[in-house]
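Please read the structure below before turning to the comments.
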There are 6 protein chains.
Amino acid sequence: MRPSGRAPDEMRVITIETGFTKHAEGSCLIGFGDTRVLVTASVEERVPPFLRGKGQGWVTAEYSMLPRATHTRSSREAAKGKQSGRTQEIQRLIGRSLRAVVDMQKLGERQITLDCDVIQADGGTRTASISGAWVALRIAVDKLMASGALATDPIMSKVAAVSCGIHGGTPVLDLDYIEDSAADADANFVLLEGGKIAEVQATAEGACYDEEALLRLLRLSRMGCDRIFAAQEQAVRG
Amino acid sequence: MRPSGRAPDEMRVITIETGFTKHAEGSCLIGFGDTRVLVTASVEERVPPFLRGKGQGWVTAEYSMLPRATHTRSSREAAKGKQSGRTQEIQRLIGRSLRAVVDMQKLGERQITLDCDVIQADGGTRTASISGAWVALRIAVDKLMASGALATDPIMSKVAAVSCGIHGGTPVLDLDYIEDSAADADANFVLLEGGKIAEVQATAEGACYDEEALLRLLRLSRMGCDRIFAAQEQAVRG
Amino acid sequence: MRPSGRAPDEMRVITIETGFTKHAEGSCLIGFGDTRVLVTASVEERVPPFLRGKGQGWVTAEYSMLPRATHTRSSREAAKGKQSGRTQEIQRLIGRSLRAVVDMQKLGERQITLDCDVIQADGGTRTASISGAWVALRIAVDKLMASGALATDPIMSKVAAVSCGIHGGTPVLDLDYIEDSAADADANFVLLEGGKIAEVQATAEGACYDEEALLRLLRLSRMGCDRIFAAQEQAVRG
Amino acid sequence: MRPSGRAPDEMRVITIETGFTKHAEGSCLIGFGDTRVLVTASVEERVPPFLRGKGQGWVTAEYSMLPRATHTRSSREAAKGKQSGRTQEIQRLIGRSLRAVVDMQKLGERQITLDCDVIQADGGTRTASISGAWVALRIAVDKLMASGALATDPIMSKVAAVSCGIHGGTPVLDLDYIEDSAADADANFVLLEGGKIAEVQATAEGACYDEEALLRLLRLSRMGCDRIFAAQEQAVRG
Amino acid sequence: MRPSGRAPDEMRVITIETGFTKHAEGSCLIGFGDTRVLVTASVEERVPPFLRGKGQGWVTAEYSMLPRATHTRSSREAAKGKQSGRTQEIQRLIGRSLRAVVDMQKLGERQITLDCDVIQADGGTRTASISGAWVALRIAVDKLMASGALATDPIMSKVAAVSCGIHGGTPVLDLDYIEDSAADADANFVLLEGGKIAEVQATAEGACYDEEALLRLLRLSRMGCDRIFAAQEQAVRG
Amino acid sequence: MRPSGRAPDEMRVITIETGFTKHAEGSCLIGFGDTRVLVTASVEERVPPFLRGKGQGWVTAEYSMLPRATHTRSSREAAKGKQSGRTQEIQRLIGRSLRAVVDMQKLGERQITLDCDVIQADGGTRTASISGAWVALRIAVDKLMASGALATDPIMSKVAAVSCGIHGGTPVLDLDYIEDSAADADANFVLLEGGKIAEVQATAEGACYDEEALLRLLRLSRMGCDRIFAAQEQAVRG
């Protein structure tokens, strides 16, 4: 039995509230259970130096936890003067995941930055960030298309992410904080609608795992992402 | 006429949603019009080095704007590796303002940190932060009292803050971003319930001002803070 | 009775030694009693990026305390690798205060930087810095006018600053370190010759204050600034 | 055909030169083809603060590229004043991978730091680092056992890592730089002798991949790691 | 002929004003011609971690140039967030030079920090710093002896420093800025009263030099240091 | 008797292995006994901002110790976020020494960076770095000449460096770590083939020294550098 009483293949409630802030070109507050991430998409009509003059765009991400998103207060990275390795690793993952579904030629010479700020953490903040970032990006790109700035849609597919893990010997979907702290293995899957894989990160925590377990986690992640794709669709097409 | 159509002595709508996050000992999302700040109060059973063993507590604050709280995206301070002078100035002001109403002996050897994260900015983020911080602090202290950790209430008074300024030659209350950008003078008042003053910061922007204008702004701020005190009361006693 | 034996409305001795260093376009060593600040004005024929090509100038300030300006040695900010919040707050105040009396159009596309380095501290370092910065600026601008680089005088007025506070229940002028450490309230006023106000910062330290006290402090600051204006005049016109 | 002329399941030459430096408790220079990483294992009789007094040890890693390990010189992280996100991500992976095969109770309250410095880079620097780190760790632990500091062996298994990827539509083993730059997908597998998995990181670069490809890459990695386990054995047992 | 009209073996005027600031245990403003350095000696009853409990003291130094000590304004190291290599090199030299004449056992477990802040630069700032630091140190140690904190004098000798160089083919003493900028070689000698050498740093700038030139510079430095020793004596014994 | 059993004027074995890494335009692994430094020369077709458009080149150096080059592990500068004063001092010395033998006009608008990474330390790392840097530079310049990028040779002379010191009262050549730790004086000489001096740095550690000792050390250094010049010649001309 999972601490939350959920079945092994049961996602937490997914909530996506679009338009949570008014200035960003796209935004949403995404919830996976008690995990809540505010994602904004900011469009800028310039690209990083390494892309200037190449006629293509860029999508990047930044990630942060508010100091008291967690059970005990963690110190503010801006006050410490640097981002942790964990923060950098996560924001690189978010950026890669979104770039996997964007045609940079079609985007043109502009950059979209996805800011993922964790308001409340209860496991799965990076996967909620990726899943919400797609929604914010979709809204921002829709505005660019509506305004005529973009003629063709640069977004090639939906992308979503979910964590799975082995908890108490059982492969389970969408770990919350209590499960995550005690999992033997912890995996994050970034999947495209249709089944292609953008990224797998599967890490042994307490005990190494075998190929069969990896495949079982991948199957669970497909079930979870299907739920997220539906929630994304409802959020943007409402 | 003000850009928003408000009367010179008219505050924007004040909203205070308590318990916005679940981990913090106290929290609220405060709104002054479109300005929205998430404030959390975190209680830690330790004090900074300079107070150790003195039998008294400490209240401090940190402040940050999410990158896309503003009209155009500003870079993330954690990524730049340092907090701006503006950020430090504001968080020092918030900390001082709250310490002005707390009896540190009664608080005992513990620290309460007030994290003010601006979700959306439309003028008055520091005054909303102070006003919301009092609510989060009140809730956290109430919990300490309910649990028996505190025998007597260390909070001596309500404290609130509001900005006023001279816009188009007229003293006005509670500047929004459009007014703030074009004001000749910009003042922040931190007041206690009952009328005492904790802090005045009145700065000429476009043109220096005279004593009469300062007094007129102070009177406006009293009207604004009375409105905030009522909203604070309703939020915590609801 | 004040620790120094001064009357409540009595300034410390003001000394201004111009031309203290030979390289700067303007410089002075200003003393408010034992507080001594070396101020230099550096003229550069360029402006910050946000002003380029707009045909107007900029005035900015930097502030620092030598490590042993104080009773006990404080660590060097350059060695720690960052400026404290206090330092940044003070240098922002100095810059704003001087900009309040300069017509940026008339200054033309050049920047004047006012470096305020505290040689010895005994209270009032920020107000001595502002008052001395005006002298260094005046000398530097006079040179620009004498050389023909400037046709009309961009300085619109004198500006001076002084601290006041409530000490032992009595409003007093120009706090020294002993008074400052024990004051119930501490205020800094930045005034223009003629009576206009550029900035008021009035902070409760031990006890909040009322409107009457604020006005009494403002009146004291007018008396102090008149003394400083006279000293500035004598320093620059000899 | 691969640029190097290798067969899809063909590893580059593996070289491991132990005892490359004399001060470290364990060291080796590992080569995967032209990639060369110097790994040292340093034993210190203390643990990080979060483990003090718990009677268990810690294994951690640091990673760096010499500025001219690469085709064009990259700037030195010590001179830039911070480690890149890539560096931090890699050193976190190395540390996790080695911790997966060490029994921290048996290690006792001591820390072993694995420094992986890339002398020459030609793809696969992180996997060579992990594979070499095991050798350096093994040598250091053998010394601790020989000296009587350790009674039982805390190392539970060999661990090795290899990269695989999809290049030109074909799954291939042990990417060199030319292949890595043009791969559609790039995966790193960290495996234990016996077949258990410590970590999978499989990232789409140019095109997302399907489950079959993931499994094919995993099979290739097993072939590669078997080769590395043999080289490790020969290196430490001679 | 030297630009200043001085003879090759002629020092600039040496001025030493003791007691320039009131808080430091020892202080002086030293001038070598137009070069002016404020030196303070701060006594602290603690030693750095590596010396704790060893019953001996430490002498260290910090060096800084005020931003407008120079012909054109240089940026403030505290604002840039790090000390330059030049600054660190100089402060290490000053510390070593003073430690060469102090018996650390006799000093006891206390640290004396010599802060050398260049008010005005015209060549020779590091040598003026060393020469002035001895004066500030002497005054601070005299106070410790007068108060009974020290029973025997830990200062074993005077130490002074002077720069020499080859300018226009001629070895000259005590380079000013104009000469320094055009010198073929630039040497700093740190000498003890009596003739022993604490440090030689002789650097080719435009052209390498031979042994004879090195010896000629050393002889010049002896003449210069004799002048400085006399000025030190007069300053402290007055 | 020296700890190593060497005669006072006996160098350690000098080894120079050229082409140690494949990407750099020039590289070598130089050994002075157990001290081993990897030096690479990187040619870039650009110069630092202060030289742009002046038709001349630049030679610069960076220096670093691998964390476990030393007896006990020292922390990584990239992880600490700044280079130590010692590191900066050494890399400035290396750069100056190499610039002393390069005609910057003949080099043309390009920069050559000499990266000196200490693989293993046993005294004399800075002098081995300088001596090895000349070899890497020579190889890189030979390639530029062979390719036609340079018509005339910008290298005017060989340059080498060696440390000497006074150990147990005796002047000795080429200190190893044990001697260096116990030396009364420690000197580094940078000499040109033919006898000219590029730099002398002679520092008293335990006891100040006299002129005769300085000259004796200089004579020893000439003997040592002659050995190094021969090794350099053999390395580059094979």
Side-chain angles (χ1 to χ4, degrees), chain D residues 19-29 31 33-46 60-84 86-88 91 111-122 136 140 177, chain F residues 19-29 31 33-46 60-84 86-88 91 111-122 136 140 177:
Chain D
F20 192 77
T21 69
K22 70 169 188 176
H23 298 307
E25 283 71 33
S27 78
C28 73
L29 182 71
D34 278 339
T35 288
R36 285 239 231 115
V37 184
L38 171 57
V39 188
T40 58
S42 296
V43 179
E44 290 166 301
E45 297 295 319
R46 54 182 185 72
T60 187
E62 294 194 3
Y63 169 94
S64 181
M65 282 243 213
L66 296 200
R68 197 56 199 280
T70 42
H71 282 78
T72 57
R73 184 177 187 274
S74 45
S75 44
R76 191 177 287 271
E77 291 185 330
K80 284 193 296 184
K82 66 174 187 177
Q83 296 179 299
S84 72
R86 178 186 175 277
T87 290
Q88 291 190 64
Q91 65 193 12
Q111 171 167 293
I112 302 183
T113 302
L114 299 156
D115 284 291
C116 304
D117 287 272
V118 180
I119 301 290
Q120 191 168 275
D122 188 29
Y177 176 77
Chain F
F20 192 77
T21 69
K22 71 170 187 175
H23 298 308
E25 283 72 31
S27 78
C28 73
L29 182 71
D34 277 341
T35 288
R36 285 236 234 118
V37 185
L38 170 57
V39 188
T40 57
S42 296
V43 179
E44 291 167 300
E45 298 295 319
R46 56 181 183 74
T60 188
E62 294 194 2
Y63 169 94
S64 181
M65 283 242 212
L66 296 199
R68 196 55 198 282
T70 43
H71 282 78
T72 56
R73 185 177 187 274
S74 46
S75 44
R76 192 177 287 272
E77 291 186 329
K80 285 193 295 185
K82 66 173 185 175
Q83 295 178 301
S84 70
R86 178 186 174 276
T87 291
Q88 292 191 62
Q91 65 193 12
Q111 171 168 294
I112 302 184
T113 301
L114 298 156
D115 284 290
C116 303
D117 286 272
V118 180
I119 301 291
Q120 190 168 277
D122 188 29
Y177 176 76

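This one's a predicted model, so the numbers in the text were calculated from it and none came from an experiment. When reading the values below, keep in mind they use all heavy atoms of this one structure, side chains included, and skip hydrogens, waters and symmetry mates. Proteins come first, then strands; the chains are lettered A, B, ... in the order of their sequence lines, and each starts at number 1.
Of all non-hydrogen atoms in His23(D) and Thr70(F), the two that sit nearest each other are CB-O, 3.3 Å.
The 12-atom threshold is not exceeded at CZ of Arg46(D), counting heavy atoms of other residues, nucleotides or ligands nearer than 6.0 Å.
Ranked by heavy-atom pairs shorter than 4.5 Å toward chain F, the options Lys22(D), Arg36(D), Lys80(D), Glu25(D) are led by Lys22(D). Top candidate by heavy-atom pairs under 4.5 Å with chain D, chosen from Glu44(F), His71(F), Glu77(F), is His71(F). The most heavy-atom pairs under 4.5 Å with chain D, out of Pro67(F), Ser27(F), Ser42(F), Gly81(F), come from Ser42(F). Contact count versus chain F (heavy atoms, under 4.5 Å) is highest, among Gln88(D), Gln91(D), Gln83(D), Lys82(D), for Gln83(D).
When side chains are defined from C-beta on, Asp115(F) does not count as touching Leu66(D), because their heavy atoms never get closer than 4.5 Å. Between Arg73(F) and Glu62(D) the shortest side-chain heavy-atom distance falls below 4.5 Å. Ile119(F) is listed as a side-chain neighbour of Ile119(D), based on a closest heavy-atom distance under 4.5 Å.
Salt-bridge annotation for Asp117(D) and Arg76(F): present, with a side-chain N of the basic residue lying under 4.0 Å from a carboxylate O of the acidic one.
Looking at Thr40(F), only its side chain comes within 4.5 Å of chain D, counting heavy atoms on both sides.
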**Item:** CA sep, side-chain torsions, deciding dist, call: Thr21(D), Arg68(F), side-chain contact (heavy atoms from CB on, under 4.5 Å)
**Value:** CA-CA 9 Å; Thr21(D) 69; Arg68(F) 196 55 198 282; 5.7 Å; no

